[in-house]
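Read through the structure below, which is laid out as structure tokens, and then see the notes.
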Amino acid sequence: MLRLPAAIYDAIIAHARRDHPNEACGVVAGPAGSDRPQRLVEMLNAAGSPTFYQFDSGEQLTLWKAMDEADEEPVVIYHSHTATQAYPSRTDIALAAEPNAHYVLVSTADPDSVEFRSYRIVDGEVSEEPVEKVDDLDAPSP
């Protein structure tokens with residue numbers, strides 16, 4: 001299960017809507033090994049495409065170095081789909097390189113609603129997981 005602070009959940013959706021019709025992408029970093037998403041980092045979609053995202057390599061290197069220095073890891077890696085459902089494409093699955101990360105997809109295909117889903121992707125296997133939007137990560141789950 002992905003437990004995500006409401007402010008980050010809402011910011012991911014706002015980022016996806018703002019970058020539409022191109023795909024938006026980013027990372028939510030947290031303390032290594034904690035599974036606690038705490039710091040949202042919106043990334044540049046270097047592909048500038050409505051059907052594909054690619055982190056800018058320089059921006060990604062800078063972020064990964066900063067996370068390493070702060071003993072953080074990418075807890076969530078997110079991107080949007082602008083014309084299809086929020087389900088990983090074959091390319092998304094092939095590029096999923098962080099086995100501990102939650103892969104969040106937001107569909108902006110319907111301007112009147114939001115589809116926000118999370119997956120684990122390990123060795124090409126995709127498993128959807130529930131998403132719990134919380135005000136406080138330390139509050140117990142209902």
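- Here the side chain of Asp110 pairs a donor or acceptor atom with the backbone of Asp112 at under 3.5 angstrom.
- Ionic pairing of Arg18 and Glu42 is present here: one or more N-O contacts between side-chain nitrogen and carboxylate oxygen are shorter than 4.0 angstrom.
- Using modelled atom types, no side-chain atom of Asp71 and backbone atom of Ala32 make a donor-acceptor pair closer than 3.5 Å.
- Put simply, CG on Leu4 and CD1 on Ile12 are 5.0 Å apart, with the number rounded to the nearest 0.5 Å.
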How far apart are the C-alpha atoms of Arg17 and Val114, what are their side-chain angles, what is the distance that settles it, and do they pass the side chain to side chain contact (heavy atoms under 4.5 Å, CB included) test?
CA-CA 10 Å; Arg17 292 233 183 265; Val114 172; 3.0 Å; yes
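- Of the possible donor and acceptor atoms, none in the side chain of Thr84 sits under 3.5 Å from a partner among the backbone N and O of His81.
- The two residues Ala139 and Arg3 make their nearest non-hydrogen contact at O-NH2, 2.8 Å.
- Residue pairs meeting the ring-ring contact (aromatic ring centres under 6.0 Å, His included) criterion with at least one member in residues 83-112, sequence neighbours excluded: Tyr87-Tyr119.
- Using modelled atom types, no side-chain atom of Ser80 and backbone atom of Thr82 make a donor-acceptor pair closer than 3.5 Å.
- In terms of modelled atom types and a separation under 3.5 Å, the side chain of Asn45 and the main chain of Glu23 share a donor-acceptor contact.
- Residue Leu137 holds its CG atom at 7.5 Å from CD1 of Ile8, rounded to the nearest 0.5 Å.
- Take His15 and apply the ring-ring contact (aromatic ring centres under 6.0 Å, His included) test, not counting sequence neighbours, and it matches Tyr78.
- Of the charged side-chain nitrogens involved, at least one lies within less than 4.0 Å of a carboxylate oxygen, so that Asp138 and Arg36 count as a salt-bridged pair.
- Salt-bridge check for Asp10 with Lys133: passed, with a basic side-chain N closer than 4.0 Å to an acidic carboxylate O.
- Panel note: side chain Arg117, backbone Leu105; no donor-acceptor pair is recorded below 3.5 Å.
- Both Met67 and Met43 are members of a single hydrophobic cluster when ILVMFWY side chains are connected at heavy-atom separations under 4.5 Å.
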